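To start, the structure itself, in structure tokens.
In this text the structure is predicted, and so the values were computed from the model without any measurement. Labels below follow one simple rule: chain letters A, B, ... track the order of the sequence lines, proteins then strands, and each chain is numbered from 1.
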Protein chains: 2
Amino acid sequence: MDKKQLTIKEIASMAGVSVSTVSRVLNNKAHVNPAKRKKIQAIIDQSGFQPSMIARGMVYQRTNTLGVVVSDITNPYFTALVSNIEAVAEDFGFSLLLFNTMTAGHTHQKDTVQIEITAFRNLQEKKVDGVLILGGEIDQATPDPHYITALEQMAHHLPVVIVAQPVKGVDCEFVPRYQQMSAEMITEHLLASGYKNIAFLGGQPDITITNERLSGYRKMMTTYADYSAKNVLLSDYYVEDGYQGMRHFIDTQQVPEAIVAINDQVALGAIRALNDHQLSCPDDVAIGSCDAFPNGNYFTPRLTTIDHHNEDLANIAVNKLLTATGQEKIPPIPTPALPTLIIRESSGHPLKKKKE
Amino acid sequence: MDKKQLTIKEIASMAGVSVSTVSRVLNNKAHVNPAKRKKIQAIIDQSGFQPSMIARGMVYQRTNTLGVVVSDITNPYFTALVSNIEAVAEDFGFSLLLFNTMTAGHTHQKDTVQIEITAFRNLQEKKVDGVLILGGEIDQATPDPHYITALEQMAHHLPVVIVAQPVKGVDCEFVPRYQQMSAEMITEHLLASGYKNIAFLGGQPDITITNERLSGYRKMMTTYADYSAKNVLLSDYYVEDGYQGMRHFIDTQQVPEAIVAINDQVALGAIRALNDHQLSCPDDVAIGSCDAFPNGNYFTPRLTTIDHHNEDLANIAVNKLLTATGQEKIPPIPTPALPTLIIRESSGHPLKKKKE
DNA sequence: GTTGGTAATGGAAACGGTTCCCGATAATTA
DNA sequence: TAATTATCGGGAACCGTTTCCATTACCAAC
């Protein structure tokens with residue numbers, strides 16, 4: 001807290017050599033007398049000298065830092081993603097500069113667009129080597145034009161990888177996920193289990209994820225049962241949204257046989273609402289959801305859900321980003337794994353229709 | 001991705017002035033002709049020039065970046081903390097450099113000490129203005145000596161704030177939490193509800209948090225009931241640990257009347273284990289826990305738990321850190337709020353003894 | 001004994017900004 | 001009109017590191 005950091009210059013004078021020589025030993029470059037090298041190395045070691053990465057950054061024009069802009073790190077889906085990304089990045093010697101754009105107090109829409117845009121600006125100023133975007137305005141069906149211009153301006157200067165469905169006209173790398181497919185899978189599973197009257201619950205309207213999943217649901221419903229807009233109840237991605245949504249179904253006497261929940265949190269909220277009205281999942285209402293949050297296997301009932309294979313996503317995203325930065329050979333970018341269905345209790349037993 | 005970033009030099013030549021003049025308008029310094037200032041500003045704006053913070057860092061010797069070393073960002077407790085910290089830091093114009101030291105795949109103990117130490121090194125090299133430590137080796141009852149020396153060496157060069165119980169001999173700022181008190185509160189609540197045979201479940205042995213909470217539990221038990229070591233079952237902080245722990249109680253026919261769980265995840269696991277054996281919480285076993293994870297209010301049963309007021313913690317931690325960096329006046333550091341008991345369903349109804 | 005090649009070393013420029021210092025011009029005052 | 005003072009703008013040093021280049025010394029071969 002007091003003693004200032006040493007500089008290469010001081011090391012040089014301690015060792016009685018020039019700065020260039022010290023630099024050569026720091027970087028294992030040739031052309032330095034073995035004896036001298038050993039001596040200098042010793043001085044470095046026991047003085048605890050650490051070269052300034054920011055000075056290095058000046059000359060190399062790279063910081064070995066990746067920017068991560070995440071909409072809500074509190075969402076288990078993103079938490080897992082960030083955690084995996086951090087692990088992969090660290091493997092390649094990169095650190096993460098983290099920006100969380102939805103303020104902690106869950107102050108939705110407190111001009112998150114502006115927050116994201118200033119995050120972009122910060123990242124450029126701090127000269128990160130690349131940026132990863134997870135959720136946020138990019139997921140809007142029609143993102144704010146200011147956002148798009150800010151994004152493109154940034155993407156013009158440094159590599160940007162976005163974990164989201166591609167947005168037309170935005171020139172970045174996208175890591176798509178099989179949103180529609182996962183909704184199809186979960187809906188199909190419920191249909192195959194004998195449920196007909198299946199509702200769709202949760203998700204903010206006009207968000208790409210919602211739209212994709214909804215259309216997967218819709219596709220399956222129209223082909224194998226009946227699709228009705230009355231069975232679709234959107235709101236948001238949080239547990240309270242599932243709770244309120246389910247309550248609405250109950251209050252309006254429109255309780256469906258089964259529900260496709262936009263994610264595990266919403267499913268949890270819905271289940272709790274059922275319990276509060278002496279209804280049971282899966283006996284009264286079966287539920288299937290997406291996103292495979294870590295605790296879902298311990299809920300009562302255990303959640304039937306879709307695993308999106310986050311680790312793969314993280315791998316792909318970071319690898320894409322690093323190759324875009326022109327990194328030395330990165331292991332080949334893995335192809336994304338398809339979502340897999342995890343059948344547990346909340347959807348009832350296959351082919352065992354709900355009790356009448 | 002292609003066009004290189006502009007430099008102040010280029011702006012200067014575009015505007016036909018010297019670099020110093022551009023710098024003056026960038027920093028709102030005096031001694032530049034208003035007309036010229038306006039013109040230069042215009043060029044800056046429409047060229048999208050952004051001064052390099054790393055070059056600035058060189059001269060100012062500060063980066064406006066805070067390092068965060070967190071043991072497991074996947075743990076909801078830490079997630080919430082990081083999220084809050086990010087919000088506070090951003091308010092003061094700081095970004096976060098994030099290091100997650102327990103690798104994503106939950107590879108416990110894969111030499112996390114070494115990972116933490118290299119994180120320290122990275123942070124120093126990257127010249128962050130201060131470091132925040134959340135969990136990890138520092139929580140060990142007897143931390144690895146290598147870790148301690150690395151920590152002290154770092155703390156010698158830059159401000160470090162640790163969200164943990166103070167460790168003797170380590171010269172850093174600590175933000176203590178009322179771990180013992182919270183365990184006392186939850187135990188007291190169970191005792192007041194009429195339970196006598198109360199077990200303690202979860203938490204890694206030899207971790208400060210575990211020890212503190214355990215001693216709170218022990219204190220209340222010895223004074224108001226009977227303390228027996230057989231009622232203490234430690235393991236870890238995850239949901240599976242709660243599950244296995246509860247199973248052990250069941251398998252060995254030592255099912256207690258009530259349980260103090262180390263956190264909400266463990267509580268969830270325990271509840272699920274009960275359900276799997278046709279036992280109910282709270283009817284057969286009441287459960288109280290700590291940490292107030294966001295979803296606890298939607299579990300079945302809703303979790304009785306302790307709120308540690310994370311937002312306050314984040315505020316205190318960041319404020320302490322920023323004042324330590326010698327920041328311009330920071331709002332006074334708030335005094336930590338005491339933990340509060342949240343009574344919900346899992347502990348049964350107060351004064352209503354468990355059914356026989 | 002001159003030449004040539006190579007290893008070891010130091011000096012200096014460069015990276016992109018900020019800031020101090022100083023000279024030049026314009027404005028004010030004697 | 002001359003002297004003094006503000007105001008403005010340019011040059012240069014500096015932050016910590018790398019790298020290019022020049023210098024010296026050494027050794028071998030002709």
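Between the CD1 atom of A:Ile8 and the P atom of D:dT19 there is a distance of 11 Å, given to the nearest Å. Look at CD1 on B:Ile54: it is 12 Å from P on D:dT17, rounded to the nearest Å. Protein atom CD1 of A:Ile40 is 12 Å distant from nucleotide atom P of C:dA8, rounded to whole Å. B:Glu125 has its CD atom 11 Å from the P atom of D:dT18, to the nearest Å. Regarding A:Glu10, its CD atom lies at a distance of 11 Å from the C1' atom of D:dG16, rounded to whole Å. Here C:dT18 presents its C1' atom at 13 Å from NZ of B:Lys9, a figure rounded to the nearest Å. Spacing between atom OH of B:Tyr60 and atom P of C:dG16 amounts to 18 Å, rounded to whole angstrom units. One interatomic measurement links the two molecules: CG of A:Asn64 to P of D:dT18, which rounds to 13 Å at whole-angstrom precision.
Counting only residues at least two apart or on different chains, the salt bridge (charged side-chain N to carboxylate O under 4.0 Å, His left out) pairs with a member in residues 125-137 of chain A are A:Arg62-A:Asp129, A:Arg121-A:Glu125.
You'll find that the side chain of A:Ser52 is closest to D:dT17, out of D:dT17, C:dC15, C:dG17.
Atom NZ of residue B:Lys38 and atom CD1 of residue B:Ile43 lie 14.0 Å apart, to the nearest 0.5 angstrom. Here the CZ-CD1 distance, from B:Phe94 to B:Ile85, works out to 14.0 Å after rounding to the nearest 0.5 Å. With values rounded to the nearest 0.5 angstrom, B:Leu321 atom CG is found 10.5 Å from B:Ile133 atom CD1. Between A:Ile11 atom CD1 and A:Gln41 atom CD the span is 10.0 Å, to the nearest 0.5 Å. Note: A:Thr63 OG1 to B:Ile54 CD1 = 7.0 Å, rounded to the nearest 0.5 Å.
Between B:Ser18 and D:dG10, a side-chain N or O to OP1/OP2 separation shorter than 4.0 Å is present. Regarding contacts with the backbone of D:dT18, every side-chain N or O of A:Gln61 stays at 4.0 angstrom or more from both OP1 and OP2. In this model, the phosphate group of C:dT18 is approached by a side-chain N or O of B:Arg56 to a distance below 4.0 Å at OP1 or OP2.
For the residue pair A:Asn315 and A:Glu311, no side-chain donor N or O sits within less than 3.5 Å of a side-chain acceptor on the partner.
For the pair A:Gly16 and A:Ala55, nearest-nucleotide mapping onto DNA chain C gives the more 5' position to A:Gly16.
Contacts between residues 19-38 of chain B and DNA chain C, defined by a heavy-atom separation under 4.0 Å, are made by B:Val19, B:Ser20, B:Ser23, B:Leu26, B:Asn27, B:Lys29.
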